[in-house]
Amino acid sequence: MAVKKKAAKQKPAQKAAAKTSKARGKKARVAVLMGSKSDWPSMEAAVEVLKGMGVGCDVRVISAHRTPERHHKFVTGAEAAGIELFICGAGFAAHLAGVTAAITPLPVLGVPLDSSALNGMDALLATVQMPGGIPVATFGIGKSGAKNAGLFAAAMLAGSDPSVRKALDAYRKKQTASVPERPF
Ligand code: RP5
């Protein structure tokens, strides 16, 4: 009788991440984290770009301040679940990207969001001004920053994935073709 091989035991965080990836029908390579559900209208731009290029994303509301345990659990299990890089968007005193980078050696792309009375200047400084040793690649404030973070993530993956490279080339070609010669 064939002996059933015992499946390698997964930690709960790995299991949860793998489950989400499977549910989306595509293995998630990029984790897109945001501090609040209210950040989604901006952060959606990153996911849209990556989805359009066939890159699976694991999208989560995780706050460094309000859900620190959820954050730690997810980030520590992410690499084993197949995540290759993080995009983190947050507003106010935005610590999400920095604390993520403190936990994982994977690349962290930070998007400061304009949800406060300071229109994102607070989040920009909190995200970009990392102490030496723990880098966060910081993008512009708001939706265009999120879009560029998605494109940058695709460019990083394109180096070792010809299908992403092809999709990125097509995206840029289409973008160039959409710019009119004249404004009228
Ligand atoms: C930050 O506080 C979040 O990233 C969000 O941008 C902001 C406001 O969150 P809500 O009060 O709308 O949940 O941590």
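Counting convention: from 1, in listed order, for ligands and their atoms alike.
With a 4.0 Å heavy-atom cut-off, ligand 1 is reached by the side chain of S38 but not by its N, CA, C or O. Using a 4.0 Å cut-off between heavy atoms, D39 contacts ligand 1 through its side chain alone, with no backbone atom that close.
Interface atoms of ligand 1 facing G35, defined by a heavy-atom separation under 4.0 Å, are 3 (C), 4 (O). Distances below 4.0 Å separate heavy atoms of S115 from the following atoms of ligand 1: 5 (C), 6 (O), 7 (C). Near R66, the atoms of ligand 1 lying under 4.0 angstrom from a non-hydrogen atom of the residue are 9 (O), 10 (P), 11 (O), 13 (O). Annotation for ligand 1: atoms under 4.0 Å from non-hydrogen atoms of A90 are 4 (O).
V47 has its side chain within reach of W40: a pair of non-hydrogen atoms, C-beta onward, lies under 4.5 Å apart. Side chains of L157 and V55 form a contact here, defined as non-hydrogen atoms less than 4.5 Å apart.
With respect to atom 2 (O) of ligand 1, the closest heavy atom belonging to the protein is F92 CD1, 3.6 Å. In terms of protein heavy-atom proximity, atom 14 (O) of ligand 1 is nearest to G91 O, 4.1 Å.
Listed by first then second residue, pairs satisfying side-chain hydrogen bond (donor to acceptor under 3.5 Å, both in side chains) with a partner in residues 95-112 read H65-H95, H71-T100, not counting sequence neighbours.
Here the rule is side-chain contact (heavy atoms from CB on, under 4.5 Å) with M43, and of L33, L113, V61 only L113 fits it.
For R165 and D161, the salt-bridge test fails: no basic side-chain N is under 4.0 Å from an acidic carboxylate O. A salt bridge is absent between K37 and D39; no separation between the charged side-chain nitrogens and carboxylate oxygens falls under 4.0 Å.
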